[in-house]
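Numbered from 1 within each chain, the chains take letters A, B, ... in sequence-line order. All values below come from the heavy atoms of this structure, side chains included, with hydrogens, waters and symmetry mates left out. Please read these numbers as outputs of a predicted model, since none were measured by experiment.
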2 protein chains.
Amino acid sequence: MGALSSFTCGARDAKGGMGIALPGPYQGGITIGYIDERNTLRALPFFEGSDSSESERYVQGAEGTSGRLGVIQDYTREYLWATDRIQTPELDFEIATPFFPLPDPEQASPEELAFACCPAVHLTLRFKNAGQTPWRGVFALQIDNRWSSLGQQTHGSLIGATSQNRIGFATRHPMARSFIDFDPISAINRKHSTPEFLLGPTAGLEIDVPPGEEVELPIVLGFFEGGDATYNRQTIYYYRRHFGSLSQVLQYGIENRERYLEQASRRDLELSQASLNEEQKFLIAHATRSYYGSTQWLWDGMKSVWVVNEGEYLMMNTFDLTVDMLFFEMRFNPWTVRNVLEQFVQSYSFYDEVFDPQKPDTLHPGGISFTHDMGVMNHWSPATRSSYEVGGLDRACFSHMTCEQLTNWVLCAGIYLSQTDDQEFLRRYRGVLIECFRSLQNRDHYDPEKRNGIMSLESSRTEGGGEITTYDSLDHSLGQSRENIYLGGKMWASYLTLQSLFERCELSSLAREAEAAAQLASATLASGYDESLGYIPAVLDGKNTSAIIPAIEALAYPYLMGLEDAVQENGPYGYYIRTLKKHFSNILNTDFCLYEDGGWKLSSSADNSWMSKINLCQFVARKVLGFDFGEDQLKADRAHARWEREGSRLSACSDQFRSGVAHGSLYYPRIVTNILWLGE
Amino acid sequence: MGALSSFTCGARDAKGGMGIALPGPYQGGITIGYIDERNTLRALPFFEGSDSSESERYVQGAEGTSGRLGVIQDYTREYLWATDRIQTPELDFEIATPFFPLPDPEQASPEELAFACCPAVHLTLRFKNAGQTPWRGVFALQIDNRWSSLGQQTHGSLIGATSQNRIGFATRHPMARSFIDFDPISAINRKHSTPEFLLGPTAGLEIDVPPGEEVELPIVLGFFEGGDATYNRQTIYYYRRHFGSLSQVLQYGIENRERYLEQASRRDLELSQASLNEEQKFLIAHATRSYYGSTQWLWDGMKSVWVVNEGEYLMMNTFDLTVDMLFFEMRFNPWTVRNVLEQFVQSYSFYDEVFDPQKPDTLHPGGISFTHDMGVMNHWSPATRSSYEVGGLDRACFSHMTCEQLTNWVLCAGIYLSQTDDQEFLRRYRGVLIECFRSLQNRDHYDPEKRNGIMSLESSRTEGGGEITTYDSLDHSLGQSRENIYLGGKMWASYLTLQSLFERCELSSLAREAEAAAQLASATLASGYDESLGYIPAVLDGKNTSAIIPAIEALAYPYLMGLEDAVQENGPYGYYIRTLKKHFSNILNTDFCLYEDGGWKLSSSADNSWMSKINLCQFVARKVLGFDFGEDQLKADRAHARWEREGSRLSACSDQFRSGVAHGSLYYPRIVTNILWLGE
């Protein structure tokens, strides 16, 4: 957690391994198996070249060595929330990635913080030799760099290897031996007599498995970035406050292994006991791993800095992801939400002006908003600038997302404040909330008389262009901001949020104003319903006819803030809610927003559907709008799980799918919106 | 110098760029050119995809941009010692890699040291617009990471970009503008209005070139590794003692640009005035760049640590390369030779025993020797161990090189002491020299009566196997150590060296003993001459019949130590010298040791010829043995230069060639043996 590190392993016939700050799986070799009585290496198929039809074959190692290799093709797999368990009759392999609430670093004890930040993954290999002759269990990683002996570094107290003081593996099993060589086949069949041949890129552990015995080999994988974590603003990984070196990480990981495994077991149990189908559980477990692999818990010399990187793109704290990952973070560690909101105010807020796209040269007052992100690939952007947004584009990818990011600050703050009792945050940011309110209104219209509650004016940052939403790679149905019913819904939810917060602040006049704005927005959105179409078209420009699922997305916020009245069919926004129900039930079919496989298609006019948003809208449809999909539920979940398993086979959990195949937003953190399912 | 950094550029249709600690060229994109009146980017062909038959074509950039690209295929190139100059009528491009003696860090002033260690390369782009319409000159680098604006970091005092605080480029030309985008075509034809689009992996500079004008754009490339430089033993790059950041490096490089260019000019002049043909000058210039790109000047908290990395293999201070690069380092900075010799004594010396290969279980006293290297890819090996050598191999690659490394310490020390007046070094290491002498003798035979002056016994480190020489990938003609006439020659030279040093130490009895050993070696080697073959077979085992050029290699040492008597035909070793002349003149033909193209083939029985050793032996043949090759000289030089230019097209200067094609030891530092040609 917070180490921007990953051990990617488990796809058949694929590369994988340990990496720090990577946009995808490390492209190395992983060997997990055993050497049987015939000196054949029998290995799980989690390496490139394992997809062979031959059950056993000779393979060449480096420098003329060769040996027999047999790939274990049959295994069972339990992909639990924090434990990935692969089992065969001869070999069990478990990867534990324990997670639990990160304690608030301003309040927790050093020991709690050390336990929470230690960048380690826990493996267990269990070799079950039912035969008559000895085996050797083997674990090995092949990388692009070289290894050093951990035994040498720790005077024998740990067994294993490290590379560049950045990655390493260790055990303390007294019977384990470490090796280094060109490749596993060369190591196993080595012609020389030096177990740790330092010229080789492969390092591993081996252990004797006597006939008739079971041997369990615990291994800790450790990660360590000892230098600066980020550029343009100096930070280190938080774990460096507790661990001086990679070997200390490994040592701590080993000493506390049982505590970590207990945490993993708790999570495993929690998810397995949930009233969800197996596909849903898979999606949650998969999303969780991809999320944590993207997180950075940093230290800037004075305080913790929380960053979630945007998967393969590695943009830092992309705000339109923050608002989706919010629900997950609120469940585990609300302080990270507060932390990111404060970073946005402090360094990535700005003031703009707005214009009517019909008269782009006439600027009107705009107001505060926030950047799309804070930088990319550990390079902080200059204050008030994102890495992503550029000027001069009219509703195209990389344009500004000014209005949407404004709603995101309000909605994140609203959720945070509704689920915590952080009076100080409310006191400190009351002014920002008021500014957000004025800024939202100004993006509707400069003339209060002409406001309709949703966005009509564009930010001056677009330099005469047009803003986009988070759905940047979709067509205008979801990509264009102004007059968009998706963003309109978020404006409605923002006004509701502000109303509620202004009431808490006893700013009753503002609260009434916000309520009126919410009413206006809901009326505009509901009145957009087109009887002939049977739904509200995505863009209220009188031309667009796309049907979009995310029209309902923003209902999540008032619901989760406890503003349940607002989402009742007979509540103050009943007409809007009833209209959305009608909208939704009319489009969730293969004519509009379903794929043939039962998977959800966010927009009827774009073959590009985002898992994070599908999962969020599934929650809204079921929990907020009360839909029961019956057998179609499982069909959809099966499709979505298959998209991830097969369509994103080499990229962990991905977000953007075209007809079930991941084509962008790979190795992505955002899909943890599905944490909401646990609240159903 | 000493930054283990490279800017690799200049091969047609190839990737290149800036890198630190890489085993080969950085795999990025380099754009050098200008945008002409038709908005066509006209670029030098130093990028992948430049090898197109079309003179001009449309190319696609990222995100739907496109533009016209014309590749400049015709240019002249002057590849001087420190300046690489590419010229076309419209555009000149110069890369200056200035080098000069590195001052002894224990004696030089801080300013001298800062100037010597500053990790920068100096570019000059000259745009010559003879047309009627404005051009824009362009320089850009495309990398795997992302960039930050240098203007932002330096409040506008520098223009350029940096990535990861590790690499960057800068200018102070007031008219230059920096840009960041996905690729050069997208930047030039950008649809948006943000010059520094931080999401893109390409950064560059552009500058207006008015019609009828010449515009010169000076650019400094800077490198910086701010963390630990090495593992298992903490060091930083020496430049970190003077420069706190990459932007300081760039600033210093710009401030001192003229001084650096003056140094480059001096070297250029020095080589161009040498009495060598153009092919020889090319080989020296090429070797020099590859050497410096492999060097590391480190600081361990108390003293400087000099490391030369082994090209693509990145082994650290490989001793059998040190002894070849010795001549270059002695010319420029003898303290680096002393530094490496001291490191070997301090951490990478050991004591072994020896055995007769007929009776491998009976061990006899051995003595001191030194490891093959000190580690690999910045991972220091444990003391007394190399990364390369492993036990249990019988005269095969990765076996021990114990006897040869022993001669290497003696020969390096001999050359160092003969060309400096370092009394303190001699005083301090007198004992080591005596130990080396005994160790050499013990490797000949444990029974003094049975000694013949050359190696017959194997190190116990081989565990019953057999030692190899530096020529590890050749057949036994050069690869096997014992009874080898190449290594025998180095033992002879080592004994001569020891005799001379013992005399300086007034250890006359030892000096006489060493002289006798040298006599014994020379007699054995000379008597190996086989009249029927017409040469001394490579291995004096009565079976081998290979003819090898490096039989003469070791003559370089006494000659360069001023022991000229020893290499006279009528001197004390006259019979040996005359025999070697006969040997050499009988094998330098296409029946034995010449390729058809006139290039030298080190061994008649192996198609694997090493440029570093060819160049060294060319020096010995001409300067020490007095051969005049007439027209064959140029033929050979042309062949060797072609091997590098075409056979090693993508790997800078390489060492191992099979029939003119580089197949190992790529991007290699060792070829600077050809510095000796300047002394002819």
Do you know which of B:L393, B:L199, B:T162, B:D394 has the most heavy-atom pairs under 4.5 Å to chain A? B:L199

CG/B:L246 to OH/A:Y231 distance, rounded to the nearest 0.5 angstrom? 11.5 Å

Exercise: identify the closest heavy-atom pair between A:C397 and B:E63: CB-OE1, 4.4 Å

Separation of B:R146 CZ from A:S381 OG (nearest 0.5 Å): 12.0 Å

With chain A, the option among B:A396, B:S387, B:S399 that has the most non-hydrogen atom pairs under 4.5 Å is B:S387

Using side-chain heavy atoms (C-beta onward) and a distance below 4.5 Å, is B:H192 in contact with A:F398? no

Is the closest side-chain heavy-atom distance between B:N378 and A:Q164 below 4.5 Å? no

Quick one: which of B:P23, B:G391, B:G200, B:P382 has the most heavy-atom pairs under 4.5 Å with chain A, could you say? B:G391

Select one option (side chain, backbone, both, neither) describing which atoms of A:S386 are under 4.5 Å from chain B's heavy atoms. backbone

For a quick test of reading the model, state the closest non-hydrogen atom pair linking B:L198 to A:V376 and the distance between them. O-CG1, 3.4 Å

Can you check whether A:E389 reaches B:T194 side chain to side chain, under 4.5 Å on heavy atoms? no

Is B:R385 close to chain A through its backbone or its side chain, or both, or neither, when contacts mean heavy atoms under 4.5 Å? side chain

Roughly how far, to the nearest 0.5 Å, is the OG atom of B:S148 from the CG atom of A:N232? 3.5 Å

Contact class of B:D181 relative to chain A, heavy atoms under 4.5 angstrom: neither

Note: B:G392 and A:S193 closest approach over all heavy atoms is N-OG, 3.5 Å

